[in-house]
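This report concerns only the one structure given below.
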Amino acid sequence: MGFLANKKALIIGVASNRSIAWGVAKAMHEQGAELAFTYQNERLQSRVEKLAKELDSNIVLPCDVATDENISDLFTQLGTHWSEFDILVHSVAFAPKEELEGDFVENTTREGSKLAHDISSYSLTALAKAARPMMSGHPSAIMSLTYLGAMKAMPNYNVMGLAKASLEANTRYMAYALGPDNIRVNCISAGPIRTLAAAGIGDFRKMLDHVEQNAPLRKNVSIDEVGNAAAFLCSDLASGITGEITYVDAGFNIVGMTGY
Ligand code: 0WD
């Protein structure tokens, strides 16, 4: 029996079979969790439905996290399948492509900044607010995905670095607020992985090469490695851990000087 047996997990952010959320979903399924998925828009619906089926799930619901109405509808619909659930995975981020390259000061706009923070950080709070009645009072866990660009200045990551810094602070504030309800909140800081979202970041190939050459483990991580860590952090094995940012990046973040 897997360590997520009898757990129900809602996975937000599957866009393809390369998505980190897909790695998380596979790992959670392997450990015995029952899954539900969302898709952002009709363009992604059939693809997510097909993927969900591979993991024995037929709960696939629409949700654009940019609107409170969509979020509220999501939990109303989810409530027709599940009276309560245990795990919420947020694997969603967005910033305008033009702002993910070049000079940060020149290229960042008020609108782009608002949008990046809204979709990539505030949406986690909005989802938790709506999910709280279904997650409270039994051991539950919320998980999101961040990147080292929240802590260190990185080429091209720009406004998304600010949004991820907000997401990391959000993790701590949410953990503080939701702890008394027995809901843990953690975040994984993943190393770079080639996905649809990553394709929007300038010079992404260079980042992958740099990590492979300089991380202690001399490799890039896979969605399965991130998924396994997420499955653990959302399980009762991690019942003493909340408000943490856990790096799954082949150790890259601990290196002080690269190129040796
Ligand atoms: O190197 C990487 N790929 C890393 C990603 C390193 C470290 C962290 N991350 C983070 C991302 O910032 C994000 O928070 O992991 C999370 C998942 O990203 P991913 O798996 O790399 O990207 P992808 O497969 O594209 O899934 C993200 C999806 C979107 O995909 P597209 O490419 O269509 O934008 O987030 C979804 C969307 O499906 N999304 C939304 N979902 C609901 N409402 C919204 C929205 N408004 N906006 C984006």
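None of the values given here were measured: they were computed from a predicted structure. Atoms within a ligand are numbered from 1 in the order they appear, just like the ligands themselves.
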Could you pull out every donor-acceptor pair under 3.5 Å between side chains of residues 74-84 and any protein atom, sequence neighbours left out?
| unit_1 | atom_1 | unit_2 | atom_2 | d |
| --- | --- | --- | --- | --- |
| Thr76 | OG1 | Ser72 | O | 3.0 |
| Thr80 | OG1 | Gln77 | O | 2.6 |
| Trp82 | NE1 | Glu34 | OE2 | 3.2 |

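Salt bridge present: Asp236 and Lys7 bring a charged side-chain N and a carboxylate O closer than 4.0 Å.
Test Glu225, Glu212, Gln213 against Lys219 for side-chain hydrogen bond (donor to acceptor under 3.5 Å, both in side chains) and you get one pass: Glu225. Under the side-chain hydrogen bond (donor to acceptor under 3.5 Å, both in side chains) rule, Glu99 has a single partner from Asn156, Asn107, Thr109, which is Thr109.
Checking Asp118 against Ser123 by side-chain atom types alone, no donor-acceptor pair falls below 3.5 Å.
Val24 and Ile142 sit in two unconnected hydrophobic clusters of ILVMFWY residues. Membership requires side-chain heavy atoms under 4.5 Å apart, directly or through other members.
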Give every pair formed by an N or O atom of ligand 1 and a protein N or O atom closer than 3.5 Å, one pair per line with both atom names and the distance to 0.1 Å, or write none.
| unit_1 | atom_1 | unit_2 | atom_2 | d |
| --- | --- | --- | --- | --- |
| ligand 1 | 1 (O) | Ile193 | N | 2.8 |
| ligand 1 | 1 (O) | Ile193 | O | 3.2 |
| ligand 1 | 3 (N) | Ile193 | O | 2.9 |
| ligand 1 | 3 (N) | Thr195 | OG1 | 3.3 |
| ligand 1 | 12 (O) | Lys164 | NZ | 2.9 |
| ligand 1 | 14 (O) | Val92 | O | 3.3 |
| ligand 1 | 14 (O) | Lys164 | NZ | 2.9 |
| ligand 1 | 20 (O) | Ile20 | N | 2.8 |
| ligand 1 | 21 (O) | Thr195 | OG1 | 2.5 |
| ligand 1 | 22 (O) | Thr195 | OG1 | 3.4 |
| ligand 1 | 24 (O) | Ser19 | OG | 2.6 |
| ligand 1 | 25 (O) | Ala197 | N | 2.9 |
| ligand 1 | 38 (O) | Gln40 | OE1 | 3.4 |
| ligand 1 | 39 (N) | Gln40 | OE1 | 3.4 |
| ligand 1 | 43 (N) | Asp64 | OD1 | 3.4 |
| ligand 1 | 43 (N) | Val65 | N | 2.9 |
| ligand 1 | 46 (N) | Asp64 | OD1 | 2.8 |

